[in-house]
*Asks:* 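Have a look at the structure that comes next, please.
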Amino acid sequence: SKSRFLSKMSHELRTPLNAITGLTQLLHDGAGEAEQREYFDDLRDASQLLLSLIGQVLDLSKIESGQMVLERQPFDLHDIIQKVMHPLRARAQLRGLACSWTVDAPRGVWLQGDALRLQQVALNLVGNALKFTQQGEVEVRVVLSGERLRLAVRDTGPGIAADDLAQLFQPFVQVGATQSQEAGSGLGLALSREIAALMGGTISAQSEPGVGSLFVLDVPAEIAPSPVVSAAPVVEIGRAHV
Ligand code: ADP
């Protein structure tokens, strides 16, 4: 399985690298101003894809060799969800999608854990929902309840066939109609599930083809002492409509 992984990885790396080589040649040969701009945009996209692919492969191999250690630092739950959702809201607007989120937890509540890894998983799940949904909406609901944190991402995208659902969390798996839609590595969900497991939690997926999908991250939550905690629970609502 290691050599299968390596050969798939080489194939995935070659795609953006080929694009970068080809685009560089086109720019070298000379192009009009509008074309140049387009080539530079494509260069940026291919480089970003390459960078994220390498980052994901490094993370996966770190996990496999038992070297990924999660941070245990206090963080403000509302704050980190905002940080994930704000840039994504802009992306949703560009795509003509509605994007809303709620955080159902006391305002100012701090948790103990690895905020960056939590953001990485949230970014992957919400990013996928936005990437694959052509019209309609993406709805994110974060609930802190007892000692669990649940982040549910629902979309009105193409959905995933039951047979494909079981494969989704394997590295490099891209399924159904989404396969060729937008560049991706097929590593995000595999990595997200591993991170969720390291946190002592799970990621599950439900879907109905033609209707949409629901991805849920469910992890233990440890409340950390915070500078200011108000007693009353606050439901925060963010919304972006076009
Ligand atoms: P990537 O998005 O880079 O391809 P992921 O591991 O995050 O990799 O996702 C793997 C595959 O799962 C995607 O290529 C797509 O086929 C499918 N998928 C993930 N999220 C969704 C979603 N919200 N709706 C439909 N298909 C999805």
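Just follow the structure's listing: the first ligand is 1, and inside any ligand the first atom is 1.
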*Asks:* Can you tell which of V126, I160, T133 gets a heavy atom nearest to atom 25 (C) of ligand 1?
*Replies:*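 Ranked by closest heavy atom to atom 25 (C) of ligand 1, first place is I160.
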*Asks:* So is G157 in contact with ligand 1, going by heavy-atom distances below 4.0 Å?
*Replies:*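 Heavy atoms of G157 never come under 4.0 Å of ligand 1.
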*Asks:* If you look only at pairs with a residue in residues 147-174, which of them pass as a salt bridge (charged side-chain N to carboxylate O under 4.0 Å, His left out), with sequence neighbours excluded?
*Replies:*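 Residue pairs with at least one partner in residues 147-174: R148-D218.
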*Asks:* Backbone or side chain, does any N or O of G188 fall under 3.5 Å from an N or O of ligand 1?
*Replies:*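 Such a contact does occur with ligand 1.
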*Asks:* Report yes if some N/O of V175 lies less than 3.5 Å from some N/O of ligand 1; otherwise report no.
*Replies:*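 N/O-N/O distance under 3.5 Å: yes.
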*Asks:* Relative to ligand 1, is S213 under 4.0 angstrom through side chain, backbone, both or neither, heavy atoms considered?
*Replies:*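 Under 4.0 Å from ligand 1, S213 contributes side-chain atoms alone.
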*Asks:* Would you say CD of Q206 has more than 12 non-hydrogen atoms from neighbouring residues, nucleotides or ligands within 6.0 angstrom?
*Replies:*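 No - once you tally the heavy atoms of other residues, nucleotides and ligands closer than 6.0 Å, there are 12 at most.
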*Asks:* For side-chain contact (heavy atoms from CB on, under 4.5 Å), just list the numbers for Q135 and T156, CA-CA rounded to whole Å, side-chain angles, deciding distance to a tenth of an Å, and then say yes or no.
*Replies:* CA-CA 7 Å; Q135 56 184 358; T156 56; over 6 Å; no
*Asks:* Consider only side-chain heavy atoms of I, L, V, M, F, W and Y, link residues closer than 4.5 Å, and tell whether L214 and V138 are in one cluster.
*Replies:*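 No, separate clusters.
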*Asks:* Is it true that the side chains of N124 and Q120 contain a donor and an acceptor less than 3.5 Å apart?
*Replies:*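 Looking only at side-chain atoms, Q120 and N124 do not form any donor-acceptor pair under 3.5 Å.
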*Asks:* Looking only at non-hydrogen atoms, which of G186, A129, S207 approaches atom 1 (P) of ligand 1 most closely?
*Replies:*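 Considering heavy atoms of G186, A129, S207, the nearest to atom 1 (P) of ligand 1 sits in G186.
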*Asks:* For ligand 1, which part of D155 has a heavy atom less than 4.0 Å away: the side chain, the backbone, both, or neither?
*Replies:*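 For D155, the contact with ligand 1 is made by the side chain alone.
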*Asks:* Do you see a donor-acceptor pair shorter than 3.5 Å between the side chains of H11 and R14?
*Replies:*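 No, R14 and H11 have no side-chain donor paired with an acceptor closer than 3.5 Å.
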*Asks:* Show me the pairs that pass salt bridge (charged side-chain N to carboxylate O under 4.0 Å, His left out) and involve residues 40-61, at least two apart or across chains.
*Replies:*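 Every pair satisfying salt bridge (charged side-chain N to carboxylate O under 4.0 Å, His left out) with a residue in residues 40-61: D41-R44, D59-R117.
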*Asks:* Taking 4.0 Å as the limit for heavy-atom contacts, which would you say applies to L189 with ligand 1: side chain only, backbone only, both, or neither?
*Replies:*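 Both backbone and side chain of L189 come within 4.0 Å of ligand 1.
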*Asks:* Below a 4.0 angstrom heavy-atom separation, can you tell me which part of N124, side chain or backbone, both or neither, approaches ligand 1?
*Replies:*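 Only the side chain of N124 comes within reach of ligand 1.
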*Asks:* Near L168, which atoms of ligand 1 are under 4.0 Å from a heavy atom of that residue?
*Replies:*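 The atoms of ligand 1 under 4.0 Å from a heavy atom of L168 are 11 (C), 12 (O), 17 (C).
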*Asks:* Run the contact test for F169 against ligand 1 with a 4.0 Å cut-off on heavy atoms, strictly below, and give the result.
*Replies:*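 The answer is no: ligand 1 sits nowhere under 4.0 Å from a heavy atom of F169.
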